[in-house]
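Presented below is the structure to which this report refers.
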Amino acid sequence: MMHYDTPSHVRGASQFLDDLPEPAGCLHLGLCVSPIAHGTLNGVDVSAATAMDGVAAVLLAADIPGENEIGTIIRDEPLLADGTVHFAGQPVAVVVANSPRLARLAAEKIQLDLTPLPALLHPRDAAASGQLIAPSRTLALGDVDSAWQHCDHVISGTAFTGGQEHLYLETQCALAVPDELSAMKIVSSTQSPTAVQRVSARVLGVPMHKVQVEVKRLGGAFGGKEDQATPYAVFCALAAQHLNRPAKLVLTREEDMRLTGKRHPYDSDFKIGFNADGQILAYEAHFYQDAGASADLSTAVLERTLFHATNAYFIPHVRVTGYSCRTHKVPNTAYRGFGGPQGLFVIESAMAKVAATLGLSNEVVQRRNLLNEGDLFPYGAPAKDCHARRSFDSAATQFKFDSVKQEIADFNAKHRLKKRGAALMPICFGISFTSTFLNQAGALVHIYSDGSVSVATGAVEMGQGVNAKIRHVVAVTLGISPERIEVQATSTRTVANTSPTAASAAADLNGMAARLACQSLKARLLEAAARALKCAPEAIYIENDAIRQDGDDAGMTWEDLIAQAYVSRINLSAQAHYATPGISYDKSKEKGLPFAYHVYGTACIQATVDVLRGTASIDSVQMLHDAGRSLNPLIDQGQAEGAVMQGIGWMTMEELCYGDEGQLLTDSLTTYKIPDLHTLPPVLETRFLEDTENPHAVLQSKGIGEPPFLYGIGAFFAIQNALHAARPHKPLEFTAPLTHERILRFLLD
Ligand code: LUZ
Ligand code: MOS
């Protein structure tokens with residue numbers, strides 16, 4: 001796959017943060033964290049740690065010169081515990097020492113005087129105790145209360161989805177270097193350089209212009225570094241400021257798994273009303289989100305759950321309510337899909353139960369309720385350029401779903417100890433940050449006098465290929481070859497006030513900003529060329545690194561043009577800002593147009609269950625995906641394949657287990673299983689839906705990062721379909737992950 005970084009990744013030449021040469025005198029951090037979920041912190045004895053040779057300092061909450069506060073949406077999260085601990089793994093003290101090993105040894109010597117307090121470890125318990133991060137929110141369409149009486153059937157149920165560890169290859173890490181202007185330079189593995197800058201400035205007690213944050217590339221993030229890279233960068237900045245020496249922290253894998261938040265587990269109730277033919281009239285759901293001990297991004301995640309609660313379906317009467325429940329667990333955070341997958345799982349569960357009640361196949365009920373153009377989402381916006389039905393029907397045809405079902409029925413009739421199943425999984429995902437103000441981006445483009453081009457935007461390259469896409473946009477816009485273009489490391493000094501690289505929107509937003517900057521450069525250049533060629537600027541254009549006039553070569557290369565423009569004293573730099581037009585949301589009414597557009601698609605997933613052993617395998621994953629006019633089909637294919645496998649992992653094998661104190665027990669890869677080469681289905685196929693040009697994003701493209709994650713939910717229902725063939729009379733259960741243990745328990749009566 002020719003991703004921008006592929007050659008250097010393959011040769012091991014790409015530098016990640018921990019590969020950078022350490023600055024002279026660099027110190028290292030070790031964290032002392034709470035061992036319990038909830039308790040009063042009576043005191044901290046650091047004497048044994050500070051007495052160790054090579055320990056430069058031990059920092060506590062009281063050593064923070066600015067605010068001990070890292071919360072962004074809600075200010076409810078101290079950087080270091082002060083007076084109370086709220087979760088197992090909460091940082092209490094930071095040891096600064098000569099080596100990472102020494103810093104960790106010293107951290108173990110710190111004595112915490114704690115009086116345990118009762119802990120809430122389940123979201124429903126937290127909600128019952130009134131422990132909500134913010135007031136509950138409800139989206140409503142139609143009139144649910146009076147709709148029930150018009151339904152032939154009304155059923156209800158519960159659904160549960162577990163958390164998910166991000167497991168980026170590069171753990172959380174940062175390096176802070178004080179410089180002579182008493183400013184702090186921070187290199188951080190973050191999706192949000194601006195968040196690191198803002199929060200560091202707040203904690204250090206300095207203005208933001210004193211803090212510079214730079215990011216070259218991340219070894220993966222998946223949402224885990226949207227908000228939660230920040231504390232590690234701030235710890236380094238704090239130590240660097242305190243000791244006036246560089247400071248670095250790279251979490252070990254086990255630390256990263258224990259200390260960082262994950263995808264939010266959700267416990268949900270649903271009620272659904274429908275007619276004998278499977279048409280759904282009314283849907284009600286209550287989502288209990290396990291937010292953990294502080295808000296982090298939980299309220300935004302919950303908002304997206306509500307926005308996606310009806311997936312790619314139209315239901316005329318809907319009422320969905322979400323509760324962001326404060327538990328004594330690690331604060332949970334963004335993870336690919338950002339609450340969307342949790343909402344989708346509940347409606348798909350409800351539809352599966354409808355199908356079982358009526359004795360219909362899931363896909364019959366799904367098809368009957370698909371969104372049509374102009375149908376309303378629960379937040380009142382109409383579906384536009386809606387490809388729900390087209391993608392569903394095309395996927396069923398292209399992937400021969402009817403004959404797949406027939407083969408499976410034949411197979412199941414012949415085999416007692418193996419059962420196969422299949423599912424179609426339609427998706428609908430809104431693109432834009434749900435917080436409207438975040439939908440902005442900036443770019444700074446320089447053309448140097450030799451014709452080479454430097455592009456800086458707010459986008460962070462984390463392996464997803466955003467730099468390759470931006471480079472493509474710049475090349476197409478200027479009419480030059482991509483080899484002339486270098487995309488710079490992301491820095492708060494080149495582009496300010498950036499939004500996180502998140503929400504599947506980084507190429508949309510930053511690509512558009514880069515395009516706007518290039519368009520203004522091009523206008524200046526064409527004017528200069530027209531003067532030199534003594535023609536009208538409208539008569540000429542740039543293509544293949546040369547000026548063309550009325551379709552002919554004008555005898556002026558890109559280099560000539562730039563040299564000419566430079567001596568003519570033309571400004572060869574441009575800055576641009578892009579703000580997504582046409583979006584707005586009114587939280588007081590819970591109505592609006594939160595998304596620039598939606599991404600659709602349908603996957604067909606097949607699975608086999610070994611009825612004797614309780615194991616399951618995924619045999620085939622085929623996606624028909626709406627990528628708009630893809631900026632880079634190989635990158636988009638890679639995103640689709642990676643995302644669907646991550647979704648399948650969440651649905652089938654990744655299980656987080658906690659002890660009585662909310663401590664994570666599955667804190668390594670021996671106990672926490674993610675999909676690997678052996679899990680890969682023999683068939684993993686991505687096709688792109690045709691005729692899906694998208695005027696709402698750069699060069700007619702569509703966001704790709706998150707939507708294909710949702711296809712993974714189909715794996716749950718494919719396995720469930722096989723389980724139903726094995727145990728046709730057992731009621732369906734909607735608890736994910738559907739691990740081998742859970743499958744075996746279901747099969748054993
Ligand atoms: N981050 C965020 C996101 O702050 N707002 C969002 O709407 C969002 N959506 C997806 C992923 N990250
Ligand atoms: Mo994300 S879940 O787009 O950081």
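All ligand and atom numbering here is 1-based and tracks the order in the structure.
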What is the closest protein heavy atom to [atom], and at what distance does it sit?
atom                    : value
atom 5 (N) of ligand 1  : Phe433 CD2, 3.3 Å
atom 1 (N) of ligand 1  : Glu226 OE2, 2.7 Å
atom 11 (C) of ligand 1 : Glu706 OE2, 3.0 Å
atom 7 (O) of ligand 1  : Thr434 N, 2.9 Å
atom 6 (C) of ligand 1  : Phe338 CE2, 3.4 Å

Pair Thr260, Gln228: side-chain N/O donor-acceptor within cut-off below 3.5 Å: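 On atom types as modelled, these side chains do not qualify, holding no pair under 3.5 Å.
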Short side-chain donor-acceptor distance under 3.5 Å, Thr333 and Asp227: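 No, no side-chain donor-acceptor pair sits under 3.5 Å.
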Quick check: closest heavy atoms across [X] and [Y], and the distance to 0.1 Å?
X      : Y      : answer
Pro500 : Leu438 : CD-CD2, 4.3 Å
Thr580 : Ala596 : CG2-CB, 3.8 Å
Gly163 : Leu656 : C-CD1, 3.5 Å

Ligand 1 atoms in contact with Leu438 (distance to a heavy atom under 4.0 Å):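 So the answer, numbered in order with elements, is 4 (O).
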Under 4.0 Å to a heavy atom of Ala502 - the qualifying atoms of ligand 1, by number: 12 (N)
Close-contact set for ligand 2 against [X] heavy atoms, below 4.0 Å:
X      : value
Ala502 : 1 (Mo), 3 (O), 4 (O)
Glu226 : 1 (Mo), 4 (O)
Gly223 : 1 (Mo), 2 (S), 4 (O)

Polar atom proximity, Tyr335 to ligand 2 (N or O, under 3.5 Å): no
N/O separation below 3.5 Å, Ala334 to ligand 2: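 Ala334 vs ligand 2: no N/O contact under 3.5 Å.
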Which segment of Arg336 sits under 4.0 Å of ligand 2 when only heavy atoms are counted: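 Only the backbone of Arg336 comes within reach of ligand 2.
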Under-4.0 Å heavy-atom contact with ligand 2, by part of Ala503 that carries it: backbone
Proximity to ligand 1 by part of Arg304, non-hydrogen separation under 4.0 Å: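 Under 4.0 Å from ligand 1, Arg304 contributes side-chain atoms alone.
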Region of Ala503 that comes within reach of ligand 1 [heavy atoms, distance under 4.0 Å]: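 Answer for Ala503: both.
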Gap separating the NE2 atom of His625 from the OG1 atom of Thr602, nearest 0.5 angstrom: 11.0 Å
Partner of His308 by ring-ring contact (aromatic ring centres under 6.0 Å, His included), out of Tyr313, Phe709, Tyr379, Phe595: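 Only one option passes, and that is Phe595.
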Side chain Gln172, main chain Gly224, donor-acceptor under 3.5 Å: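 Checked: pair present.
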Step-by-step side-chain contact (heavy atoms from CB on, under 4.5 Å) determination, Thr161 to Met651: CA-CA 8 Å; Thr161 49; Met651 280 286 107; 4.0 Å; yes
Single hit among Tyr585, Phe377, Phe338 for side chain to side chain contact (heavy atoms under 4.5 Å, CB included) with Phe307: Tyr585
